[in-house]
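Scroll down for the structure; my scribbles are underneath it.
Just so you know, these numbers use all the heavy atoms, side chains as well, and skip hydrogens, waters and symmetry mates.
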Amino acid sequence: MTSAYITGLGVFLPNEPVNNEEIENVLGLVNGKPSRSKNRILKNNGIKSRYYAIDPKTGKQTHTNAQLTAEAVRILVKNTNISLEEIECLVCGTSSPDQIIPNHALMVHGELGCPPCEVVATSGVCCSGMTAFKYGYMNVSSGWSKNAVTTGSELASTAFKGVYFQPEIEAKIQDLEAKPIIAFEKDFLRWMLSDAAAAVLITDTPRQNGISLRIDWVEIISFANELETCMYAGGVKRVDGSLQGWREVENPEELWKESYFALKQDVKLLGENVVSYGKKGLLQVRDKYNLKANEITWCLPHYSSEHFRQPLYDELMEIGFEIPLDKWFTNLTYKGNTGSASIFVMLEELMSSGKLEQGDKIFCLVPESARFLYAYMLLTVV
């Protein structure tokens with residue numbers, strides 16, 4: 001295997017930032033009433049602003065996911081010495097494609113209009129950007145391609161518009177009179193997720209001028225064998241923890257009344273397991289690569305909420321893997337939780353900050369709560 005390097009990044013954030021007071025003006029009210037849980041959730045997650053691919057004046061969608069992603073790739077091209085015509089491999093990850101078929105990467109390729117190349121899509125939630133990245137990394141390091149462009153992108157906002165919850169509201173109007181909010185597992189995510197796209201250029205040689213990031217290793221570990229589903233869409237969760245998918249529904253009206261296609265989160269399961277299983281995965285990569293905390297210059301942790309910052313630090317302390325908080329880098333509070341794009345939105349800002357020096361080690365960790373998948377990565381500044 002040859003070495004592979006990150007030699008450029010591009011990030012696209014749609015429209016103007018939306019502050020906490022403006023969210024429901026953009027997404028719309030559910031049943032004409034403000035959310036009872038919004039302020040509590042926002043206080044816990046610490047997010048002050050985020051970006052939506054929605055025109056705040058008209059409420060209309062301004063970009064598709066494919067368009068967001070294509071814009072990030074075009075920005076990447078402007079930031080580097082590669083042209084669209086030179087891309088050999090395009091790999092795109094997302095949890096929110098514009099359609100079920102064709103796959104998201106093919107739609108991005110169509111938007112870009114660049115020449116024929118290898119095109120691959122990865123699905124999932126937060127780790128789908130990392131699985132796309134690992135595919136591109138393996139392609140370059142194995143010698144199959146001289147370069148790869150990989151992306152992580154999310155178009156979460158349009159799925160959380162108030163109008164999409166109305167059929168469920170109307171079906172449960174009597175219940176609402178007693179408890180006039182949508183289920184917390186759905187309302188929770190309306191205040192957590194936002195839109196963005198990030199693109200990464202991976203090449204087999206570093207940049208001649210400026211810094212590059214050598215990819216030392218990427219590990220992806222699933223604990224789906226031990227834990228039930230936590231975040232899901234296209235189904236509902238049964239009492240026993242199993243998932244009933246939309247294909248099992250005989251009455252089509254039930255799909256809308258029960259919000260089968262709404263993204264949902266089992267918040268209790270998330271809180272009990274997401275940090276502890278992240279530690280479990282970290283122990284595996286620590287031992288495999290003889291990773292030492294005191295050798296890490298920067299830690300980029302993707303977490304959905306500032307609420308998890310201290311518990312994650314405490315878990316690292318517990319296993320003797322302390323990374324001081326002044327070495328942590330995150331932009332969650334002002335760029336939002338953008339799922340599969342988040343780690344690369346952070347990495348692009350750090351790489352552009354002027355803070356990196358030759359030999360710095362950057363450790364990235366990405367949890368995915370869908371069914372507890374974790375990604376870990378180590379980079380070296382060259």
Full working for ring-ring contact (aromatic ring centres under 6.0 Å, His included) between W256 and F261 | CA-CA 8 Å; W256 310 113; F261 293 104; 5.7 Å; yes

Under 3.5 Å, is there a donor-acceptor pair between the S35 and S37 side chains?
-> yes

Among side-chain atoms of S305 and N44, is any donor-acceptor pair under 3.5 angstrom?
-> no

In Å, rounded to the nearest 0.5 Å, how long is the span from [atom1] of [X] to [atom2] of [Y]?
{"X": "S369", "Y": "L270", "atom1": "OG", "atom2": "CG", "result": "5.0 Å"}
{"X": "C230", "Y": "N273", "atom1": "SG", "atom2": "CG", "result": "8.0 Å"}
{"X": "L332", "Y": "M346", "atom1": "CG", "atom2": "CE", "result": "8.0 Å"}
{"X": "L350", "Y": "T330", "atom1": "CG", "atom2": "OG1", "result": "11.0 Å"}
{"X": "E368", "Y": "S128", "atom1": "CD", "atom2": "OG", "result": "6.5 Å"}
{"X": "I202", "Y": "D204", "atom1": "CD1", "atom2": "CG", "result": "11.5 Å"}

Just list the side-chain donor-acceptor pairs under 3.5 Å for residues 3-18, sequence neighbours left out, or say none.
residue	atom	partner	partner atom	Å
T7	OG1	T203	OG1	3.3
N15	ND2	Y52	O	2.9
N15	ND2	T62	OG1	3.0

For residues I323 and K327, report the shortest heavy-atom separation together with the two atoms involved.
-> CG2-CB, 4.0 Å

Would you name the heavy atoms of A196 and T338 that are closest together and state the gap between them?
-> CB-CG2, 3.4 Å

Pairwise side-chain contact, [X] with [Y], heavy-atom cut-off 4.5 Å (strictly under):
{"X": "D266", "Y": "M231", "result": "no"}
{"X": "V218", "Y": "M130", "result": "yes"}
{"X": "V120", "Y": "L90", "result": "no"}
{"X": "I87", "Y": "V149", "result": "yes"}

Under 4.0 Å between a Lys/Arg side-chain N and an Asp/Glu carboxylate O for [X] and [Y]?
{"X": "R50", "Y": "D195", "value": "no"}
{"X": "R371", "Y": "E228", "value": "no"}
{"X": "E248", "Y": "R238", "value": "yes"}
{"X": "D216", "Y": "R214", "value": "yes"}
{"X": "E86", "Y": "K146", "value": "no"}

Show your working on side-chain hydrogen bond (donor to acceptor under 3.5 Å, both in side chains) between K361 and T380 and close with a plain yes or no.
-> CA-CA 5 Å; K361 295 283 186 181; T380 299; 2.7 Å; yes

In this structure, are over 12 heavy atoms from other groups packed under 6.0 Å from [X] atom [atom1]?
{"X": "N81", "atom1": "CG", "value": "no"}
{"X": "D240", "atom1": "CG", "value": "yes"}
{"X": "I100", "atom1": "CD1", "value": "no"}

Please lay out, stage by stage, how Q265 and Y232 fare under the test side-chain hydrogen bond (donor to acceptor under 3.5 Å, both in side chains).
-> CA-CA 7 Å; Q265 177 89 68; Y232 49 99; over 6 Å; no

Does the K134 side chain pair with the main chain of G129, one donor and one acceptor, at a distance under 3.5 Å?
-> no

Scan V274, V285, L282, L365 and name whichever one has a side chain to side chain contact (heavy atoms under 4.5 Å, CB included) with Y374.
-> V274

Does anything in residues 269-318 pair up under ring-ring contact (aromatic ring centres under 6.0 Å, His included), and if so which pairs, sequence neighbours excluded?
-> W217-Y289, F223-Y277

